[in-house]
Amino acid sequence: DQMKLEAYGGVSSPKSYEVDGIKMGEKDDNLINVLHLKLAAQSAFNKIRGRGFPMELVEVLIKIRHQVPEEFKVLTGSVLSTFVFLRFICLAINNPKLYGLWKKQPSVKTLKFIVVLSKVIQNA
C-alpha cells in the first residue's frame, strides 16, 4: 500500500495524516499532520492535473459551457469542474481497485487516508 500511496500524493511512512483529535495518537501533532495532509493533497492534485483529460470529455464540457444562458456563465466553470471532479476523479481516487488503478483492495488505513485526501482536494 505504501508505494501506491506515494502515487497519490508523495505519502511516506511514518508520517501521520490523522487530523481528527479523537483519533490522533499521543505523539501526533495536529498542525504537523495538517501540513502532511496538505502537502500530500497538493502533490496528488498536481499529478491529476498533469495527466490531462480525454479530449472527448473536454469537447463535451466546452459544448455544455457554450449552451449555458448568459446570466449563469459566471458559475459555469466552477459547476462543471465540480461535476467532473465528483463524478470522475473522486470516484477513481476512492475506488482505486474498481477503476483499475490498483490490483488489490487497499488496506483500511489506506482507504481512510484516500477518503480524507479526496475531501481535501475537493474542497481546495
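The shown structure was predicted, so the numbers you read here are calculated from the model rather than taken from an experiment.
One finds the CG atom of L61 at 9.5 Å from the OG atom of S81 (value rounded to the nearest 0.5 Å). In this structure, the separation between CZ on F85 and CG on L91 is 10.0 Å, given to the nearest 0.5 Å. Taken from CG in N94 to NZ in K119, the straight-line distance is 9.0 Å, to the nearest 0.5 Å.
At distances below 3.5 Å, at least one donor-acceptor pair connects side-chain atoms of K73 with backbone N or O atoms of R65.
When the side-chain contact (heavy atoms from CB on, under 4.5 Å) test is applied to V58, the partners found at least two apart in sequence or on another chain are F53, M55, I62. Partners of L111 according to the side-chain contact (heavy atoms from CB on, under 4.5 Å) rule, which considers only residues two or more places apart in sequence or in another chain, are Q105, P106.
V60 is listed as a side-chain neighbour of I64, based on a closest heavy-atom distance under 4.5 Å.
Contact detail for K97 and K104: the closest heavy-atom pair is CD-C, 3.7 Å. Between S78 and T82, the shortest heavy-atom contact is O-OG1, 2.7 Å.
With F113 as the fixed residue, the side chain to side chain contact (heavy atoms under 4.5 Å, CB included) test singles out one of V116, T110, L117: L117.
Hydrophobic cluster membership of L75, counting Ile, Leu, Val, Met, Phe, Trp and Tyr whose side-chain heavy atoms lie under 4.5 Å apart directly or via other members: V79. Hydrophobic cluster membership of V68, counting Ile, Leu, Val, Met, Phe, Trp and Tyr whose side-chain heavy atoms lie under 4.5 Å apart directly or via other members: F72.
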